[in-house]
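One structure is given here, and the rest of the page talks about it.
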Amino acid sequence: MRLRRIILTIIALLALAAGGFVWASQHPVIAGIEPPPRAAFDKALIDTGAKLAAIGNCRSCHTVPGKADFAGGRAIRTPYGTIYSSNISPAPGTGIGRWPEEAFTRAMRRGVSRRGQHLLPAFPYDHFTRLSDGDIHALYAFMMTRVPVENFVPANKFPLNQRWLVPIWNALFLREAPFQADPKHDDEWNRGAYLVSSLGHCGACHTPRNLLGAEKTGYALAGGEADGWTAPALNAASPAPAPWDAESLYTYLRQGWEASHGAAAGPMQPVTENLVHADTADVRAIATYIAAQQEKSSQRRRGGETPANSSGSSQAGKPAQGDGMGAAIFAGACANCHSAAPDAATAAHAIDLSLSTALHENDPRNAILTVLEGIHPGPEQAGPWMPRFENAFTDTQLSALLNYLRVQYGSGAAWPGLEGKIREVRNNKERS
Amino acid sequence: MITLTVNGNSHQLEIDPATPLLYALRNELGLNGAKFGCGLGQCGACTVLVDREAVYSCLLPVVAAQGRQIVTVEGLGSADHPGPLQQAFIDEQAAQCGYCIAGMIMRAQALIERNPAPAITEIQAAMEPNLCRCGTHMRIVRAIRRATAAARETAEKSLRERHG
């Protein structure tokens with residue numbers, strides 16, 4: 001009896017402590033302001049903010065494709081359900097038009113809305129918390145001078161409507177601290193480190209996450225996933241067959257295509273489309289910092305070693321495996337553009353597939369998705385192009401093709417269970 | 001030996017399994033409706049139906065077309081007896097030079113089989129991959145509207161009845 005009473009007391013105390021913690025994590029409402037006129041902001045400051053917002057890739061999540069910029073409502077699939085992004089246009093009713101800068105800063109650094117509501121960590125405030133005052137100031141000027149669009153965003157469903165849980169997540173994973181420059185490195189490296197870890201929130205996709213959806217500590221940029229795609233490792237474990245350097249990364253980030261790595265695809269495509277509008281020095285800094293993360297393995301590999309996580313060397317030139325179905329499909333469907341010496345006039349952006357990162361990843365999802373969806377420049381963009389093949393091939397045919405490509409051009413061993421993986425990817429696409 | 005089922009008929013062909021379906025249709029079977037435009041899947045002039053979906057026949061090796069139901073523009077009707085979609089294209093005079101039209105009709109056919117009463121935005125989105133260099137896009141969309149008008153009316157009528 002006594003033991004039971006002690007246990008009950010402990011449970012009651014824990015519940016009380018948790019309740020008290022959640023209660024104590026409440027944030028006050030910040031009084032709304034009259035939406036400030038455009039003239040209230042300095043033109044140069046707005047321009048700086050625009051270039052920064054391009055690095056933040058704000059538009060991608062906060063805009064429904066084809067609809068008004070920053071008006072929110074885009075459905076973002078997470079392992080916990082679908083999240084609808086907020087309206088961050090300066091609309092007074094449904095956007096942030098009545099937010100003073102103090103409220104904007106609090107949202108960026110602590111993930112709390114003007115009304116004191118906890119935002120969900122799908123909004124990467126765990127990265128933005130490191131932003132400098134000056135950069136937040138410029139971003140505020142940019143956001144507050146966009147076109148205001150009143151747009152009600154659908155409510156999130158359980159469990160994503162249980163915002164009282166967010167303070168617990170914050171206590172575990174949010175480290176509110178400004179960026180600390182590393183004196184061992186130069187200014188450009190440090191600028192890159194700052195942008196990658198704060199505004200660029202590269203780790204949001206390129207770092208693996210734990211069961212509670214937080215980025216795993218000690219695994220920064222070690223490879224994660226986004227919207228059904230894998231986000232390849234950006235550190236020494238990079239699966240890219242041609243080692244990256246600062247110059248090739250700069251070209252890739254800025255143009256969405258680079259001769260020895262190919263085109264940005266999936267969720268990376270809008271990132272590069274936005275970076276066109278960023279400050280060139282900032283994109284260079286990001287490229288310098290990321291290249292430094294892979295420098296040691298890149299040097300080894302330029303000396304002839306294979307990528308750290310690949311199971312063998314490329315088999316290019318070796319005879320085809322299997323029943324010849326994959327080879328025949330490649331010859332009829334792919335070789336026109338992806339021959340060893342692509343015809344620059346007809347297929348300017350098609351790479352020799354031995355350079356394809358997707359074929360060198362242990363996970364076949366990016367290769368599957370690229371063939372199913374193709375590559376299409378965004379609206380008003382020019383760029384690399386590949387047709388979609390989703391209706392052209394059955395799962396068995398696509399499996400034969402991809403395993404042929406994997407063995408001929410990729411990292412050696414065929415992907416096990418590929419056909420099932422293809423079915424899974426197709427089903428996921430249908431549900432989205 | 002490659003076996004193709006085109007417009008309901010089975011054909012046995014002695015050809016390289018990597019041959020694009022388009023070449024087999026035109027050169028082996030004499031079905032000249034589908035056209036060679038770019039050969040890269042960029043223009044849609046070669047579009048045919050494979051298992052009821054629109055596919056670029058210039059990029060589909062015959063080995064991958066085996067055992068699947070292929071339908072070309074010839075399968076929808078003839079000059080003397082055009083099918084309903086073909087008749088709508090004639091009624092709207094949707095062709096100028098006509099080179100893209102067989103592909104346009106086949107992509108529209110895939111849409112109609114999936115969605116018999118498409119909205120105009122759905123037609124525009126579905127037809128996006130196919131190019132017309134003469135610029136008769138408005139007439140092409142109108143022809144598809146015409147071909148689907150009856151189905152749209154039926155759908156609207158049943159909606160009105162259900163909701164009073």
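Source: prediction; values computed, not measured.
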Identify which part of B:Ala54 has an atom lying under 4.5 Å from any heavy atom of chain A, answering side chain, backbone, both or neither.
backbone
So which part of A:Phe389 gets closer than 4.5 Å to some heavy atom of chain B, the side chain, the backbone, both or neither?
side chain
Whether A:Glu390 and A:Lys429 form a salt bridge (side-chain N of Lys/Arg under 4.0 Å from carboxylate O of Asp/Glu) is what I want to check.
yes
Can a cation-pi geometry be assigned to B:Arg107 and B:Tyr56, taking NZ or CZ under 6.0 Å from the six-membered ring centre and within 45° of the ring axis?
yes
Charged N to carboxylate O under 4.0 angstrom, A:Arg426 versus A:Asp395?
yes
Proximity breakdown for A:Thr396 and chain B, heavy-atom pairs closer than 4.5 Å:
neither
What part of B:Arg52 is in contact with chain A, defined as an atom under 4.5 angstrom from a non-hydrogen atom: side chain, backbone, both or neither?
neither
Answer with side chain, backbone, both or neither: which region of B:Cys58 has an atom nearer than 4.5 Å to a non-hydrogen atom of chain A?
backbone
pair A:Pro387-B:Gln42: side-chain heavy atoms closer than 4.5 Å
no
Among A:Trp385, A:Phe330, A:Phe393, which has the most heavy-atom pairs under 4.5 Å with chain B?
A:Trp385
Using residues 13-24 of chain B as the side-chain source, report each donor-acceptor pair under 3.5 Å to any protein atom, sequence neighbours left out, with the distance given to one decimal.
residue	atom	partner	partner atom	Å
B:Asp16	OD1	B:Ala18	N	2.8
B:Thr19	OG1	B:Asp16	O	2.6

Answer key: most heavy-atom pairs under 4.5 Å with chain A among B:Asp51, B:Leu60, B:Val62 is B:Leu60
Kindly write out the residues that satisfy side chain to side chain donor-acceptor pair (under 3.5 Å) with B:Glu92, not counting sequence neighbours, or none if the list is empty.
B:Arg142, B:Arg146
